[in-house]
Amino acid sequence: MKDVIRERERRTGWLLTIPALLILTLVFAYPILRAFWQSLFVQNLGNQLNPNFTGLSNFARMAQDGRFWQSMVNSAIFTFSSVAIELVLGMGIALVLNQSFRGRGVVRTIAILPWALPTALIALGWTWIFNDQYGIVNDILLRLGFIDTGINWLGNPTLAMLAVIFADVWKTTPFISILLLAGLQSIPNDLYEAQAIDGASPWQSFRQITLPLLMPQVVISLLFRLAQAFGIFDLISVMTGGGPGGATETVSLYIYATVMRYLDFGYGAALVVVTFLLLVLAVAIASYFLTRSRAKASGAI
């Protein structure tokens with residue numbers, strides 16, 4: 001009887017899952033397969049946009065494309081720097097918002113505002129803030145006497161990368177803090193009370209209770225943000241346009257320039273395919289190690 005029930009539940013599960021799988025196939029699988037097929041052709045202004053089958057020539061060209069590899073490095077620097085900072089700050093904000101204090105609802109609403117605002121609008125605002133002539137950052141530093149002349153934040157390769165990372169952290173930290181806050185509120189207070197009776201310090205409670213039980217939300221937050229940050233486009237496009245000298249050009253900006261500016265559709269499709277595969281590989285590796293750390297942490301409770 002149990003086997004019959006399980007078989008019926010399994011079939012019901014598949015019936016409920018099939019529509020979602022079909023939608024995912026249409027949304028994700030078809031565009032990637034289409035891009036892979038197009039990547040086997042050379043289709044640009046050089047041949048008057050007439051597709052010529054050339055096999056893997058676009059991928060061979062990519063291996064020698066220094067601009068592509070530099071954009072990959074820029075994407076990696078931006079992704080890992082911003083996500084690491086956002087996780088630490090998001091955890092701190094979530095711990096604060098989880099406490100009971102007057103006006104907590106208002107503070108939570110204000111905390112989520114940066115995430116709710118349009119990215120292009122926020123990027124424009126940060127462009128003005130970091131302006132070397134009339135930006136507020138230079139104005140504050142000049143008034144405090146830390147600098148004598150305005151700093152060209154978005155015109156210096158290193159400072160421009162720091163500026164876009166700072167803007168992204170301000171924008172997306174609330175996203176992580178809200179996810180972690182939801183996880184914190186699901187942890188029973190009885191566990192903390194038992195720890196307090198045993199004489200545990202707040203740090204011990206955080207390390208032995210909060211962090212292990214919060215690992216599912218941490219894993220989800222990191223995976224979401226790794227994928228989003230690696231594919232960043234609008235923030236950097238508005239603030240720096242990938243400059244100066246390609247110092248902040250990410251893979252998404254390079255693909256956009258290849259397809260929309262240079263009209264090199266075959267090579268652009270090859271860039272999309274390789275970037276997608278590298279991103280899937282990176283997320284899979286991150287998911288594997290994070291899941292392992294979550295299992296170890298759960299076993300330590």
Side-chain angles (χ1 to χ4, degrees), residues 27-51 54 56-83 117-127 130 154-155 157 160-168 171-172 224-283:
V27 174
F28 293 104
Y30 173 75
I32 291 300
L33 293 175
R34 172 70 177 171
F36 177 74
W37 174 251
Q38 192 172 1
S39 69
L40 302 177
F41 295 81
V42 170
Q43 185 180 8
N44 52 40
L45 292 175
N47 60 6
Q48 299 180 349
L49 299 181
N50 294 318
T54 57
L56 301 178
S57 64
N58 284 320
F59 296 96
R61 171 185 169 186
M62 193 184 312
Q64 301 176 350
D65 188 353
R67 183 175 174 181
F68 167 71
W69 293 110
Q70 183 59 49
S71 68
M72 289 291 295
V73 172
N74 293 339
S75 296
I77 293 173
F78 176 86
T79 298
F80 292 111
S81 300
S82 60
V83 172
L117 294 173
T119 304
L121 180 62
I122 288 177
L124 185 61
W126 281 107
T127 302
F130 283 113
L154 301 180
M161 178 60 77
L162 293 176
V164 295
I165 289 174
F166 188 91
D168 184 71
K171 160 72 176 173
T172 53
F224 265 106
R225 282 301 302 139
L226 283 173
Q228 290 175 342
F230 194 83
I232 189 72
F233 176 81
D234 44 5
L235 180 75
I236 298 179
S237 178
V238 174
M239 288 187 66
T240 65
T248 60
E249 184 180 56
T250 58
V251 176
S252 297
L253 268 72
Y254 182 42
I255 293 174
Y256 175 82
T258 301
V259 176
M260 304 302 294
R261 186 181 303 172
Y262 308 132
L263 301 181
D264 195 347
F265 298 110
Y267 188 56
L271 292 173
V272 169
V273 171
V274 170
T275 302
F276 172 77
L277 293 177
L278 290 175
L279 181 58
V280 169
L281 178 62
V283 171

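Count residues from 1 along the sequence.
Within the 4.5 Å cutoff, the side chain of I232 has no heavy atoms near those of the S252 side chain. Residues D264 and V259 have side chains not in contact (no heavy-atom distance under 4.5 Å, counting atoms from C-beta outward). Two residues are said to be in side-chain contact when any heavy atoms from C-beta on lie closer than 4.5 Å; L40 and T54 fail this criterion. Between T258 and F68 there is no side-chain heavy-atom pair separated by less than 4.5 Å. Within the 4.5 Å cutoff, side-chain heavy atoms of F78 are placed close to those of V164. Looking at M72 and L278, their side chains come closer than 4.5 Å, going by heavy atoms from C-beta outward.
In this structure, a donor-acceptor pair under 3.5 Å is present between the side chains of Y254 and D65. Side chain to side chain, Q70 and R67 fail the donor-acceptor criterion of an N or O pair below 3.5 Å.
No more than 12 heavy atoms of other residues, nucleotides or ligands sit less than 6.0 Å from atom CZ of F36.
At least one donor-acceptor pair closer than 3.5 Å links the side chain of S82 to the backbone N or O of T79. A donor-acceptor pair under 3.5 Å is absent between the side-chain atoms of T275 and the main chain of V272, judged by distance alone. With hydrogens and angles ignored, the 3.5 Å screen pairs a side-chain donor or acceptor of N58 with a backbone N or O of F41. A donor-acceptor pair under 3.5 Å is absent between the side-chain atoms of T250 and the main chain of S75, judged by distance alone. Distance alone, capped at 3.5 Å, is enough to place a donor-acceptor pair between the T248 side chain and the G243 backbone. Distance alone, capped at 3.5 Å, is enough to place a donor-acceptor pair between the N74 side chain and the E249 backbone.
Rounded to the nearest 0.5 angstrom, D168 CG and I122 CD1 are separated by 10.0 Å. To the nearest 0.5 angstrom, L271 atom CG is 10.0 Å from S39 atom OG.
Between F166 and F130, the ring planes lie perpendicular to each other; the angle is over 60°, past the 30° to 60° tilted range.
The two residues A76 and F230 make their nearest non-hydrogen contact at N-CE1, 4.5 Å. Between A167 and M239 the shortest heavy-atom distance is CB-SD, 3.7 Å. Here the closest non-hydrogen pair linking W69 and M62 is NE1-O, 3.2 Å. When all heavy atoms of T119 and K171 are compared, the pair lying nearest together is OG1-CE, 3.4 Å. Of all non-hydrogen atoms in A35 and A269, the two that sit nearest each other are O-CB, 3.3 Å. Taking both residues in full, the closest heavy atoms of I165 and S81 are given as CD1-CB, 3.7 Å, listed atom of the first, atom of the second, then distance.
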Verdict with reasoning, L253 to F233, per side chain to side chain contact (heavy atoms under 4.5 Å, CB included): CA-CA 6 Å; L253 268 72; F233 176 81; 3.6 Å; yes
Audit row: Y267, N44, side chain to side chain contact (heavy atoms under 4.5 Å, CB included) steps and yes/no: CA-CA 9 Å; Y267 188 56; N44 52 40; over 6 Å; no
